[in-house]
Amino acid sequence: MPNVLGLIGYNQSGGSATNKLLAGFVNDIVDVTAGTGFGLAISSTNDIEFAAWLDRIFMQNYSTSPKTFNGTVWSREYVGRTLLSKYLYPLKSRMYLAYCSFDSPQAPLDTGSNAITFPSRIFYSDLFQGNTLTWGIEWGRNGSTISNTSIFEVTTTGGTLVQDFQATGIKIGDPLFITNGNAQLTSDKPYFVTSIVSPYRLLVDRLFPVTATGQHFWVGSNWLDVSTDDGDYLTGLGENDDKLLVFKQFSLYRYNQVSLQKVKDAPGTTYSRSVVNIGDLTLYFHGSNINTRKTGFYAYNGGKSSLISRGIQPYIDGIAASGYRSIVAWREGTKYRGYVGTITNTPRNISVTNGVCTLDTAGGQWSIDPITDTVTARGKWVQSSAEKWFIGTNDNQVMETASGNSHNGTDISWALEKGVKYPSTSSVANTYTRVQVTSRDAKGVQVLYKLIGTPADDDDQWTGLGEIQHNQQEFNVPIDNNYGRGINFRFAERGQRANVMQIQKIVGFYIPQTSKIL
Amino acid sequence: MAESTSSNEQVFEIDDLSGGMQVTTTPFQKKENELDYAENADYGEVGGVGKALGYAQSGSDLTSTTSTSTSTSTTTTSTSTSSSTSTSTSTSTTA
């Protein structure tokens, strides 16, 4: 089954207030509610990234020409001469694009006749003015120079020129790069624009040494470099405290529209879809060498980034490295939920399928939540005045979350293991007699126990005490297995009960004994 | 009739389960309210542990509505190595 490639909610401001949930799927974008596509013939199964801005939805997938959606149709409005990008993010008055390359037609090549990509450069739009958005960049394969003049122009032997230096917002001072063609021109340092004479002609700061046609070029200055040639590449964009967050795999930066600042000793993210904002925090996943204990979930608070998943490190260690670039996260109220897939840590007896690592940021509590589906995308949508999150799966479905008491019809497994309790310190064995459990709406929940140090070994299997029938429930500990230094409890249930169930208190009765280990 | 507690019987109580999962320390360094394992748990009510909500399908299964474009690109891709100076006003500093 094909993956859902991207998700976003469109909520039109004012007017007819058109509201749609849009999903990238196979080679199209689909209105999830209506079940109809827009016939876009997208040419790739790359992730489709969306952003809501200027009352439009912008889409990029680093392959198909970018488009915008106005509530009714997809078109090239506002993105007529825009680079392809893997990531996009609107902040304040501009749209930022990360990990870019040139769109067809006439994408320039480098001197080796290879496509040009910018894995460590961010491009951004001009300010939106006069109902027009420009990007301050132009490119092509039809550049021409005239020897001993400062004239650079685009030419065609027939048909319409695709370039327009004026309409696309080329500015005085913009650098002009000649990337393929005459060897003298391509090896020369950039020329700088001194005048935009016409839509098709520029004047530059010095004389061209040769006359040449068919030169590959690009011109513009709406970009900033993020530690180019450091062996790393851009992996996503975000926002915190009104600043653009720029992620590479192994580093994190913040940009205040004036200067770029590297966050000290902060790793980046291995997948942009793990990035979620909750309150003051930007939470994300970074995967690298597990032996250095740097792999895990991080929280950036506007100043520094801290590893926050240390408490569940054995589970983090169980995420295969191949899954680091598939971790999709979303928000449910105060909860950060990160889908990590399969978790296998055999020495720690851990095996989870379709695992979600959940952090309730209100209290800092973690849980590991197996679900039924593989998550590939996430998106937010205001539906009927309620803000909701949706996840897309690898079997062409879109789910609203949190919603209902099942995983799309499949029972939800629930379990709680307290951890060993040594009522008399770990040096003293006890005879356990009774256990009382206080709960609410927990009828049918199984209660089990394990003894630790009996007196030297630990139980390797859970022993059942029974099922909860009442809010105040007492269980007798079997007399053939009631002697140990510590005791652990497990509660478990599987079904679709309403989520009002609560385990509130455990009381254990015991008689201390003396013991020696051997 | 309720049974009385044996004169030797002692009691321990665990009334705070709100610490969430913590499996990185030894059992002896674990806080009283921390858990070995919590699966699809909800900590909304302080002190107790409940069950999380699930998820439900929105709309119907998605279906492909257009044919795939057959255009292909034959150029190879390389990383930009431009070392030219830039007129960009941004600066990069280490925090």
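Below, chain A is the first sequence line, B the second, and so on; all start at residue 1.
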K.L.:
Answer yes when B:Asp42 and A:Lys335 have at least one side-chain N-carboxylate O distance shorter than 4.0 Å, and no when they do not.
P.N.:
yes

K.L.:
Return yes if some donor-acceptor pair links the side-chain N/O of A:Trp366 with the main-chain N/O of B:Gly19 below 3.5 Å, else return no.
P.N.:
no

K.L.:
Non-hydrogen atoms of chain B under 4.5 Å away: do they reach the side chain of A:Ala415, the backbone, both or neither?
P.N.:
both

K.L.:
Please report the shortest heavy-atom distance between A:Ser367 and B:Tyr43, naming the atom on each side.
P.N.:
CB-OH, 4.0 Å

K.L.:
Under 4.5 Å, counting heavy-atom pairs only, tell me which of A:Asp360, A:Thr401, A:Ile368 racks up the most with chain B.
P.N.:
A:Ile368

K.L.:
Heavy atoms only, distances under 4.5 angstrom: which of B:Gly47, B:Gly20, B:Gly54 has the most pairs with chain A? Name it, please.
P.N.:
B:Gly54

K.L.:
Quick one: of B:Ile14, B:Thr25, B:Asp15, B:Asp16, who has the most non-hydrogen atom pairs under 4.5 Å with chain A?
P.N.:
B:Ile14

K.L.:
When you look at CD of B:Glu32, are more than 12 heavy atoms from neighbouring residues, nucleotides or ligands closer to it than 6.0 Å?
P.N.:
no

K.L.:
With sequence neighbours left out, what residues match A:Lys304 under salt bridge (Lys or Arg N to Asp or Glu O under 4.0 Å)?
P.N.:
none

K.L.:
Could you pull out all residues at least two apart from A:Asp373 that satisfy side-chain contact (heavy atoms from CB on, under 4.5 Å)?
P.N.:
A:Thr393, A:Asp395, A:Gln397, A:Met399, B:Tyr55

K.L.:
Locate the shortest heavy-atom distance separating A:Val420 from B:Pro27; write the atom from each residue and the value.
P.N.:
CG1-CB, 3.5 Å

K.L.:
Using modelled atom types and a 3.5 Å cut-off, is there a donor and acceptor pairing between side-chain atoms of A:Lys418 and backbone atoms of B:Asn33?
P.N.:
no

K.L.:
Determine whether the side chains of A:Ser413 and B:Glu39 contain a donor N or O and an acceptor N or O closer than 3.5 Å.
P.N.:
yes

K.L.:
Examine distances only and state if a side-chain atom of B:Thr24 and a backbone atom of A:Arg310 form a donor-acceptor pair shorter than 3.5 Å.
P.N.:
yes

K.L.:
Just so I understand: if I count every heavy-atom pair under 4.5 Å between each of A:Thr431, A:Val4, A:Thr372, A:Asn488 and chain B, which residue has the most?
P.N.:
A:Thr372

K.L.:
Please identify, among A:Thr33, A:Thr433, A:Asp31, the residue contributing the most non-hydrogen atom pairs under 4.5 Å to chain B.
P.N.:
A:Thr433

K.L.:
Do A:Trp414 and B:Val49 have side-chain heavy atoms sitting under 4.5 Å apart?
P.N.:
yes

K.L.:
Please tell me whether B:Ser18 and A:Gln365 have a donor and an acceptor in their side chains that are separated by less than 3.5 angstrom.
P.N.:
no

K.L.:
If we ignore hydrogens and angles and just use 3.5 Å, is the side chain of A:Asn408 paired with the main-chain N or O of B:Gln57 as donor and acceptor?
P.N.:
yes

K.L.:
At what distance, to the nearest 0.5 angstrom, does CZ of A:Phe509 lie from CD of B:Gln10?
P.N.:
11.5 Å

K.L.:
Sort A:Phe390 into side chain, backbone, both or neither according to what part of it lies under 4.5 angstrom from a heavy atom of chain B.
P.N.:
side chain

K.L.:
Which one of A:Ile371, A:Ile506, A:Val226 has the most heavy-atom pairs closer than 4.5 Å to chain B?
P.N.:
A:Ile506

K.L.:
Pick from B:Ser60, B:Gly48, B:Ala52, B:Gly59: which one has the most heavy-atom pairs with chain A under 4.5 Å?
P.N.:
B:Gly48

K.L.:
Please verify the inter-ring angle class for A:Tyr422 with B:Phe28; under 30° counts as parallel, over 60° as perpendicular, anything in between as tilted.
P.N.:
parallel

K.L.:
I need the residue from A:Arg497, A:Glu400, A:Glu332 with the largest number of non-hydrogen atom pairs under 4.5 Å to chain B.
P.N.:
A:Glu400

K.L.:
With rounding to the nearest 0.5 Å, note down the distance linking CG in B:Leu35 to CZ in A:Phe489.
P.N.:
13.5 Å

K.L.:
Just give me the residue among B:Lys30, B:Glu13, B:Glu34 that pairs up with chain A most often, heavy atom to heavy atom, under 4.5 Å.
P.N.:
B:Glu13

K.L.:
Would you check if B:Phe12 and A:Ile487 make a side-chain contact, meaning some heavy-atom pair closer than 4.5 Å?
P.N.:
yes

K.L.:
Does the side chain to side chain contact (heavy atoms under 4.5 Å, CB included) test come out yes or no for A:Glu417 and B:Met21, once each step is laid out?
P.N.:
CA-CA 9 Å; A:Glu417 292 177 17; B:Met21 278 182 66; over 6 Å; no

K.L.:
Are the side chain of B:Asn40 and the backbone N or O of A:Pro370 linked by a donor-acceptor pair below 3.5 Å?
P.N.:
yes

K.L.:
I need the residue from A:Gly409, A:Ala442, A:Ala402 with the largest number of non-hydrogen atom pairs under 4.5 Å to chain B.
P.N.:
A:Ala402

K.L.:
Roughly how far, to the nearest 0.5 Å, is CD1 of A:Ile391 from OG of B:Ser58?
P.N.:
11.5 Å

K.L.:
I would like to know whether A:Tyr315 and B:Val23 meet side chain to side chain contact (heavy atoms under 4.5 Å, CB included); could you show each step before the answer?
P.N.:
CA-CA 9 Å; A:Tyr315 291 85; B:Val23 291; 4.1 Å; yes

K.L.:
Nearest 0.5 Å, please: how far is CD in B:Glu45 from CE in A:Met501?
P.N.:
11.5 Å

K.L.:
What is the distance from atom NE2 of A:His407 to atom CG of B:Leu53, rounded to the nearest 0.5 Å?
P.N.:
9.5 Å

K.L.:
Looking only at non-hydrogen atoms, find the nearest pair between A:Pro512 and B:Asn8 and report the distance.
P.N.:
CD-O, 4.0 Å

K.L.:
At what distance, to the nearest 0.5 angstrom, does CG of A:Asn499 lie from NZ of B:Lys51?
P.N.:
9.0 Å

